[in-house]
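Every chain is numbered from 1, with letters handed out A, B, ... down the list of sequences. Computed from a prediction, not measured in an experiment: that's the story for all the values here.
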Number of protein chains: 2
Amino acid sequence: MGDDATAKRRGSYKSSELVRGRLIDAAIIEFATHGFEGSSTRAIARRADAHQPQINYHFESKEALWYAVMDRMMEEVDEHLDNDETEIKAMIEHLIRGLVRFAAARPELNRMMIHEASAPSQRLTWLIETHIRPRYDLFIAGWIELREAGVARDVPPELAYHLMIGAASLLHANAPEVEQLIGITPSDPATVQAHADTMVRLFLND
Amino acid sequence: MGDDATAKRRGSYKSSELVRGRLIDAAIIEFATHGFEGSSTRAIARRADAHQPQINYHFESKEALWYAVMDRMMEEVDEHLDNDETEIKAMIEHLIRGLVRFAAARPELNRMMIHEASAPSQRLTWLIETHIRPRYDLFIAGWIELREAGVARDVPPELAYHLMIGAASLLHANAPEVEQLIGITPSDPATVQAHADTMVRLFLND
DNA sequence: GTCTATAATTAGATAGAC
DNA sequence: GTCTATCTAATTATAGAC
């Protein structure tokens, strides 16, 4: 170790990971804005300051890049929603506030979700079975427990997930519309705070 | 009148309007599913049982077709939300139930809105100024009045519109996901009813 | 690993016969 | 108004020099 070959391998490896990461970052923006079909690998590469064929080098295909993007987004959700509360009401309140904060910080996930969830597809099936169902099951179990404890308002479990995510995310997913229509910046900390407070009031009993 | 030329003109006119309507119907589905850039005029024409150049004949361009689609969708919203209630609480309850019913019947509008509202564009600006702002202004004026009357729950006016639409529409915009994940059909009358009931409970005081 | 060149396919739009 | 054929430009992916 320490010879030229090792140094070169290390250097190349590091550089490769950097480009790979930049391509994922760029793809998140493009896929969220234009959808999978509407995004071009050239635009992704340009945004990542890379060349278009590097996508096929670092990933198997445009589709493989999309899967890598989703894996990354889901890691980020989990970091945002990480929860060490033990009391049940504090936990759900923490979750609701986390949902709003994440929607504001990363509107791209909700945008991508709507693009993909609009029609059945292999990508949607993979997304549901790999990433969504485990998280959904946890959420629903918690919601039912909260309903029984009288903490949650009267929202049927099979509707709760999408009502809550819809109310938490549209303001941020549609941020460009909101800014032009209403004149507020949805990602402003004060707006996020007011939004989270409102969500807690709406979905939890006093 | 009544001569061959007139008959032919009449026949052609009727046929032309029919094709034009079918192209708009088809474009609604395609634009909602794949976004503007992701939709191909060939796919739209195929779905309308027409030929691809007929789009450029009946509309100036793919973009002109998109504008015609939005005009049509907005006409449909207004029909769905048409309201002859006079009492203020009955009016907002009618509106909320109408929002849910429309989202279920025509998930395409909400899908298109998210596609377009994700990034600034000429299309988004036109959509806001032509169609959204007048309806938004009416909604907000009503919401403020309701807040003062103590009928509406404590949701700030600048958040109310997107919270309500988000909660009303995501379940239906993401219907394919919901069916696979939860196993319910969001457009089922019983589900729509339960969804509307829940929305009224969430956003209005008892 | 990068980057130029390019192959193969598909896109939106148009020409012109009917 | 319709429909075939086609133009130009853009797309994903690959070949091969470096």
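Below 30°, between 30° and 60°, or above 60°: for H195(B) and H172(B) the angle between ring planes is below 30°, a parallel geometry.
Considering only the side chain of H58(A), dG1(C) comes nearest among dG1(C), dT2(D), dA5(D). Minimum atom distance to the side chain of V19(A) is reached by dT2(C), of the listed dA13(C), dT2(C), dA11(C). Of the candidates dA13(C), dA11(C), dT2(D), dA13(C) carries the atom nearest the N56(B) side chain, counting heavy atoms from C-beta on. In the set dT14(C), dA13(D), dT14(D), the nucleotide with an atom closest to the side chain of P53(B) is dT14(C). Side-chain proximity of R42(B) to dA13(D), dT14(C), dT6(D): nearest is dT6(D).
The existence of a salt bridge linking D25(B) and R72(B) is confirmed by a sub-4.0 Å separation between a basic side-chain nitrogen and an acidic carboxylate oxygen.
In this structure, E63(B) atom CD and dA13(C) atom C1' are separated by 14 Å, rounded to whole Å. As a whole-Å value, the separation of L23(A) CG from dG1(C) P is 13 Å. The distance between atom CG of L18(B) and atom P of dG1(D), rounded to the nearest whole Å, is 11 Å. Rounded to whole Å, the distance from CZ on R20(B) to P on dG1(D) is 11 Å. Taking atom CZ on R46(B) and atom P on dG12(C), their separation rounds to 11 Å, with Å as the unit. Note: CD1 (I55(A)) to P (dG1(C)) measures 16 Å, nearest angstrom. Summarising the geometry, the separation between OH on Y57(A) and C1' on dT14(D) is reported as 14 Å, rounded to the nearest angstrom. Here the P atom of nucleotide dG1(D) and the CZ atom of F59(B) are 12 Å apart, to the nearest Å.
None of Y67(A), Y136(A), W126(A) except one satisfies the ring-ring contact (aromatic ring centres under 6.0 Å, His included) rule with H131(A); the exception is W126(A).
The phosphate of dT4(D) (OP1 or OP2) has a side-chain N or O of H51(B) nearer than 4.0 angstrom. A close approach under 4.0 Å does occur between a side-chain nitrogen or oxygen of Q54(B) and OP1 or OP2 of dC3(D).
Side chain to side chain, H94(B) and D84(B) fail the donor-acceptor criterion of an N or O pair below 3.5 Å.
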Verdict with reasoning, R147(A) to D154(A), per side-chain contact (heavy atoms from CB on, under 4.5 Å): CA-CA 7 Å; R147(A) 287 283 308 122; D154(A) 186 10; 3.3 Å; yes
